[in-house]
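Have a look at the structure below, then the notes.
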Amino acid sequence: MKIGILTSGGDCPGLNAVIRGAVLKGIAIHGHEFVGFRDGWRGVVEGDIIEIPRTMVRGIAKQGGTILGTSRTNPFENGGGPEVIKGHMDRLGIDAMIAIGGEGTLAAAKRLTDAGLKIVGVPKTVDNDLDATDYTFGFDTAVQIATEAIDRLRTTGESHHRCMIAEVMGRHVGWIALHAGMASGAHAILIPEQKVSIDQITEWVKEAHDRGRAPLVVVAEGFVPDHMEAPHSERGLDTFGRPRLGGIADQLAPEIEARTGIETRATILGHIQRGGVPSAFDRVLATRLGMAAIDSVVEGRWGTMVSLNGTDIVHVGFETALGKLKTVPQHRYDEAAVLFG
């Protein structure tokens with residue numbers, strides 16, 4: 001069998017480990033052939049591929065990014081669609097595809113599977129927001145990077161007696177903010193799942209400052225203060241029509257400074273969170289998911305994605321994974337809130 005692999009959407013630590021796991025098991029156990037689509041769905045729509053021999057995946061598990069390249073191309077636009085893609089697969093002799101990506105990628109994969117294409121998915125997102133899997137690879141690395149950066153911000157805040165605000169990724173969920181905030185000892189953690197007033201935020205900041213601390217606030221990019229109706233977005237929409245988030249920290253900093261009199265600085269960590277080498281946890285998880293994806297192909301589990309359930313890798317339908325976002329539950333936020341102020 002000849003299998004095409006694509007990595008689509010935002011880059012993420014661990015993508016190369018998935019590719020390696022799939023290719024090594026596919027070749028060693030089943031004798032499959034592999035090709036990679038260049039730059040995600042763009043390569044699928046245009047039939048742009050490269051061969052992936054075993055030698056190509058040697059040592060790539062520790063590399064960040066993706067050796068195949070990625071893009072946010074919508075496979076149903078720019079001359080794409082099921083008929084075009086199937087035509088390329090038939091012409092190139094590709095029997096099935098493994099789509100590695102987040103919500104947008106897997107939603108597109110489901111539509112194409114419903115149209116008759118043979119596709120299995122591997123969940124990928126630093127945001128950890130895909131339902132039906134306990135963790136997605138890339139999340140652990142993003143949290144570690146964010147935590148290290150916030151630790152560095154704290155030393156500057158303490159030296160200058162400032163309030164420091166660190167904005168992290170996560171889109172419409174607060175997993176990165178919650179974990180990085182708890183790990184770094186933040187005095188306030190602001191996430192999309194919880195409406196919090198400016199008055200409450202400034203109270204937490206003043207409580208920390210009155211104890212002689214340099215207040216530290218960690219905010220998710222999708223956080224919506226109670227006086228706003230939608231997340232802050234000033235960069236338009238992506239190719240799937242979703243708002244590009246970011247900048248809420250810059251909105252909060254002058255407000256906090258004006259209300260408290262404490263010099264306040266905002267730092268947006270941005271894409272640094274998704275770069276560099278993956279953590280050991282993400283390398284292992286990504287490798288296991290890649291190997292399980294080959295099992296899905298061999299067993300003909302089209303329209304499913306591999307998933308982490310506890311410590312086991314299982315197979316779930318795209319519709320289960322895409323039904324809703326996996327948000328931070330109330331009890332997890334309540335745990336962290338004990339530490340605020």
Notebook entry, point to check: Do His187 and Arg213 come within less than 4.5 Å of each other through their side chains, counting heavy atoms only?
Noted result: yes
Asp250 and Ala266 have their tightest heavy-atom pair at OD1-CB, 3.6 Å
Notebook entry, point to check: Can you check whether Lys124 reaches Leu15 side chain to side chain, under 4.5 Å on heavy atoms?
Noted result: yes
Would a distance-only check, ignoring hydrogens and angles, find a side-chain to backbone donor-acceptor pair under 3.5 Å from Glu257 to Glu263? no
Practice task
Following the transitive rule for hydrophobic clusters with a side-chain heavy-atom cut-off under 4.5 Å over Ile, Leu, Val, Met, Phe, Trp and Tyr, establish whether Val23 and Ile50 coincide in one cluster.
Solution key: yes
Problem set entry | Co-membership, hydrophobic cluster, residues Leu112 and Val316, 4.5 Å side-chain | no
Heavy-atom closest pair (Pro82 atom, Phe76 atom, distance to 0.1 Å) is CD-CE2, 4.0 Å
Item to check | Mutual orientation of the aromatic rings belonging to His32 and Phe34 [parallel < 30°, tilted 30-60°, perpendicular > 60°] | outcome: perpendicular
Are Leu322 and Lys110 packed together at the side-chain level, in the sense that at least one heavy-atom pair is separated by less than 4.5 angstrom? yes
Electrostatic pair Arg301-Asp295, nearest N-O below 4.0 angstrom: no
Is a donor on one side and an acceptor on the other found under 3.5 Å between the side chain of Ser307 and the backbone of Ala132?
yes
- Message: A side-chain contact here means heavy atoms from C-beta on lying under 4.5 Å apart; do Ile60 and Gln63 qualify?
- Response: yes
side-chain contact (heavy atoms from CB on, under 4.5 Å) test vs Met97 passes for just one of Ile3, Val35, Ile85, namely Ile85
Q. If you group Ile, Leu, Val, Met, Phe, Trp and Tyr by side-chain heavy-atom gaps below 4.5 Å, do Leu178 and Leu216 land in one group?
A. yes
So OG1 of Thr7 and CD1 of Ile98: to nearest 0.5 Å the spacing works out to 12.0 Å
Determine, step by step, whether Met291 and Val306 satisfy the side-chain contact (heavy atoms from CB on, under 4.5 Å) criterion, reporting the C-alpha distance in whole Å, the side-chain angles of both residues, the deciding distance to 0.1 Å, and the verdict.
CA-CA 10 Å; Met291 295 171 71; Val306 289; over 6 Å; no
**Asked** Should Ile5 and Leu68 be marked as a side-chain contact (heavy atoms from CB on, under 4.5 Å) after you check the CA-CA gap, both sets of side-chain angles, and the distance that decides it?
**Response** CA-CA 9 Å; Ile5 300 177; Leu68 298 179; 4.1 Å; yes
Q. Should the pair Arg259-Glu255 be classified as a salt bridge under the 4.0 Å nitrogen-to-oxygen rule?
A. yes
Between the CD1 atom in Ile189 and the CG atom in Leu339, the distance rounded to the nearest 0.5 Å is 7.5 Å
With a 3.5 Å distance limit and no angle check, can you tell me whether Gln273 reaches the backbone of Ala146 through a side-chain donor-acceptor pair?
no
* **Same cluster (ILVMFWY, side-chain, under 4.5 Å), Val126 and Met305** => no
For a quick check under 3.5 Å, do Gln144 and Asp140 share a side-chain donor-acceptor pair by atom type?
no
Any chance you could lay out the side-chain contact (heavy atoms from CB on, under 4.5 Å) test for Ile191 and Trp175, step after step, and finish with the verdict? CA-CA 8 Å; Ile191 62 175; Trp175 289 107; over 6 Å; no
* **Electrostatic pair Asp48:Arg42 at N-O distance under 4.0 angstrom** => yes
CD1 of Ile100 to OG1 of Thr105, rounded to nearest 0.5 Å, is 10.0 Å
*asked:* I'd like to know if the side chain of Asp282 reaches the main chain of Gly14, judged simply by a donor and an acceptor atom lying under 3.5 Å from each other, with no hydrogens or angles considered.
replied: no
*Does Arg283 use its side chain to pair, donor to acceptor, with the backbone of Pro278 at less than 3.5 Å?*
yes
Q) What's the verdict on side-chain contact (heavy atoms from CB on, under 4.5 Å) for Asp131 and Thr320, showing C-alpha distance, side-chain angles and the deciding distance? A) CA-CA 7 Å; Asp131 206 18; Thr320 303; 6.0 Å; no
Problem - Residue pair Thr133 / Asn309, side-chain heavy-atom distance below 4.5 Å - result: no
* To do: Determine whether Trp302 and Leu117 make a side-chain contact, defined as any pair of heavy atoms from C-beta on separated by less than 4.5 Å.
  => no
All heavy atoms of Gly80 vs all of Val45, minimum pair found to be CA-CG1, 3.7 Å
Arg288 and Leu308 have their tightest heavy-atom pair at NH1-CD1, 4.3 Å
* Are the side chain of Ser71 and the backbone N or O of Gly40 linked by a donor-acceptor pair below 3.5 Å? -> no
Interatomic distance, CZ@Arg152 vs OG1@Thr147, rounded to 0.5 Å, equals 12.0 Å
Interatomic distance, OG1@Thr327 vs CG@Asn128, rounded to 0.5 Å, equals 11.0 Å
*Under 3.5 Å, is there a donor-acceptor pair linking the side chains of Arg274 and His271?*
no
Any salt bridge between Lys195 and Asp226, counting N to O under 4.0 Å? no
* Is the gap between the ring centers of Phe340 and Tyr333 under 6.0 Å? -> yes
Note: Leu252 and Pro225 closest approach over all heavy atoms is CD2-CG, 4.4 Å
* Same cluster (ILVMFWY, side-chain, under 4.5 Å), Ile119 and Leu92 -> yes
- Task: Using distance alone, with no hydrogens and no angle criterion, decide if Thr304 and His315 have a side-chain donor and acceptor under 3.5 Å apart.
- Result: no
_Closer than 3.5 angstrom, by distance alone: can the side chain of Arg211 be matched with the main-chain N or O of Gly341 as a donor-acceptor pair?_
yes
CE (Met169) and OG1 (Thr125) are apart, to the nearest 0.5 Å, by 10.0 Å
key: Any donor-acceptor pair under 3.5 Å from Asp127 side chain to Val173 backbone   = no
Would you indicate whether the side-chain heavy atoms of Val284 and Thr287 approach each other to under 4.5 Å?
no
* **Backbone of His172 reached by a side-chain donor or acceptor of Asp129 within 3.5 Å** => no
Note to self: Can you confirm whether Ile198 is buried at CD1, in the sense that more than 12 heavy atoms of other residues, nucleotides or ligands lie under 6.0 Å from that atom?
What the structure shows: yes
- Message: Do Ile165 and Thr264 make a side-chain contact, defined as non-hydrogen atoms from C-beta onward lying under 4.5 Å apart?
- Response: yes
- Query: Does the Thr66 side chain pair with the main chain of Asn16, one donor and one acceptor, at a distance under 3.5 Å?
  - Reply: no
- Any chance the side chains of Ser184 and Asp151 put a donor and an acceptor closer than 3.5 Å? no
Neighbour count above 12 (heavy atom, 6.0 Å) for Lys2 NZ: yes
Cut-off 3.5 Å, side chains only: do Gln330 and Glu193 have a donor facing an acceptor? no
Would you call Glu335 and Arg332 a salt bridge, taking side-chain N to carboxylate O under 4.0 Å as the test? yes
Is Lys326 salt-bridged to Asp134, cutoff N-O under 4.0 Å? no
Between Ile94 and Phe37 the two heavy atoms that sit nearest each other are CD1-CZ, 3.6 Å
